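Read the structure below first, then the notes.
Since the model is a prediction, treat every value here as computed from it, not as a measurement. Atoms within each ligand, like the ligands themselves, are counted from 1 in listed order.
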Amino acid sequence: VARFNPTVTTEKIEHISPLRERLDSLRGKSVIGLVPTMGALHAGHVKLIDTARQECDCVVVSVFVNPLQFDRQEDLSRYPRTLEADMTICRDRGVDVVFAPAAAEMYPTPPACSVDVGRLGDQLCGKYRPGHFRGVATVVLKLFQIVQPNRAYFGEKDAQQLTIVKRMGSDFNLPISIVEVATVREADGLALSSRNRHLSGPERQSAAALYRALREAQRQIANGERDVSTIITAAMAEIPRTDTVRLEYLELVDPGEMEPVPSIRGPVRAVGALWVGATRLIDNVLCAP
Ligand code: PAF
């Protein structure tokens, strides 16, 4: 990957007060962009970073595997941690600051307060990962408070997360523009995710079925089908029936509220979660009638 801005020196900061000191001198004069990540950076993150680099004077990438958003201890312990490789990518893309705090810096004591995301957090992924979006919203609000960015960048792949962050921004009047960045895909359509590195060869083959299913829903809708169960049945036929693949959910939802729609009357988002072996993948596509 070509270096984006070789003139920028990327600084790694692990603590909140030096980060605040570094950024305080820029406030009001420069546009500060935040790309929140859990590390294990891939081309999807690079697209977020490059978009931020184009739009902001100072780009901060946070790398923090947030324990609060993991519903299973096993998922937290096997989440990839690759800080040195992440630093290299950030240097190559001209990131100004990588904020990489330890858990004790972010949560010196177990937090008593958290963000209640209401029913937006109880459906789709939230139904299967209780407390996940509370943990996401809480850490994102903390990162917003610590960095106080003008703009923050999130991927369309995590559509429910994006909706919740946007909603938190408007409900709490946060002076931050939330920027949505399109999903980056492999040649066969598999959405890039830090979890893809857990897939074995045969699992990697099966993983593309989720995108094929979502595309089938999109095709059905574009061709005039309006019955939700017909569309979902056609989409689910793309999922292989093997022991290693298990569809967790596949729904057509309202793009704003993320609620399942009873019929197709306007644009909908086809959203799904698929287990391939021990790896859980999510994806979505926007479908226009
Ligand atoms: O999308 C992610 O990587 C995480 O959920 C986020 C937004 C960095 C919060 O931990």
Taking salt bridge (Lys or Arg N to Asp or Glu O under 4.0 Å) as the criterion, tell me which of K157, R185, R269 meets it with D283.
R185

Under 4.0 Å from a heavy atom of V139: give me the atoms of ligand 1 that qualify, with their elements.
9 (C), 10 (O)

Should you measure from each heavy atom of P36, which atoms of ligand 1 turn up under 4.0 Å away?
8 (C)

Parallel, tilted or perpendicular for F154 and F144, by the 30°/60° rule?
perpendicular

Just to verify, which of R212, Q218, R219 counts as forming a side-chain contact (heavy atoms from CB on, under 4.5 Å) with R215?
Q218

Measure from atom 10 (O) of ligand 1 to every heavy atom in Q69, M38, H132, H45 and give the option owning the shortest one.
Q69

Could you see which bit of V165 sits under 4.0 Å from ligand 1, with heavy atoms only: side chain, backbone, both or neither?
neither

When distances are taken from atom 1 (O) of ligand 1, the protein heavy atom at minimum range is Q161 NE2, 2.8 Å

Decide yes or no for L68 and S114: does some side-chain heavy atom of the first lie under 4.5 Å from some side-chain heavy atom of the second?
no

For a quick check under 3.5 Å, do Y153 and R151 share a side-chain donor-acceptor pair by atom type?
yes

Per-atom filter on ligand 1: closer than 4.0 angstrom to a heavy atom of T37 are 8 (C)

